[in-house]
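Below is one structure, written out as structure tokens, with a few remarks after it.
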Amino acid sequence: RQRKDQQGSNRHRSRLSVAFGLWSIVAAVRVLVVRLRLIGDVVFTTPVLGALRRALPDAHLSYLVEPAAAAVVRHHPALDEVIVAPRASG
């Protein structure tokens, strides 16, 4: 019975691999990550940037942040662009 479960698991993994491979081929070539406020939240998103780069090595990765958080991601090696949007007053 354990072998049958392993085979089912392997089939599931290969379906995911095929689906993921297909997804990465047809995925958009531009990705925009948006986290405008709270510097701590921007810090916590930085691992996602590396994962996105590994999953979509040819994509153009941009991050939209407010001025206070720009320094956190400005020189991140996975990013192609950091867009700084001033916070609207009022």
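Worth saying up front: this structure is predicted, and the values here are computed from it rather than measured. Atom set for the values below is all heavy atoms of this structure, side chains included, hydrogens, waters and symmetry mates excluded.
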Would you call Asp80-Arg53 a salt bridge at under 4.0 Å N-O?
yes
Working to the nearest 0.5 angstrom, can you tell me the gap between Thr46 OG1 and Arg35 CZ?
13.5 Å
Do Val48 and Val73 sit in one hydrophobic cluster, given that two such residues count as connected whenever their side-chain heavy atoms are within less than 4.5 Å of each other, even indirectly?
yes
Looking at Val82 and Arg74, what are the two nearest heavy atoms and their distance?
CG2-CA, 3.8 Å
Same apolar cluster (I L V M F W Y, side chains within < 4.5 Å links), Val33/Phe44
no
Test side-chain contact (heavy atoms from CB on, under 4.5 Å) applied to Leu56 and Val29, step by step
CA-CA 8 Å; Leu56 301 167; Val29 293; over 6 Å; no
Output a table of donor-acceptor pairs, distance under 3.5 Å, between side-chain atoms of residues 58-68 and any protein atom two or more places apart or on a different chain; print 'none' if there are none.
unit_1	atom_1	unit_2	atom_2	d
His60	NE2	Ser62	OG	3.4
His60	NE2	Glu81	OE1	3.1
Ser62	OG	Glu81	OE1	2.9
Tyr63	OH	Thr45	OG1	2.5
Glu66	OE2	Arg37	NE	3.4

Which heavy atom of Arg54 sits nearest a heavy atom of Pro57, and at what distance?
O-CD, 3.7 Å
Using the rule that Ile, Leu, Val, Met, Phe, Trp and Tyr join whenever any side-chain heavy atoms are under 4.5 Å apart, tell me whether Leu38 and Val84 fall into a single cluster.
no
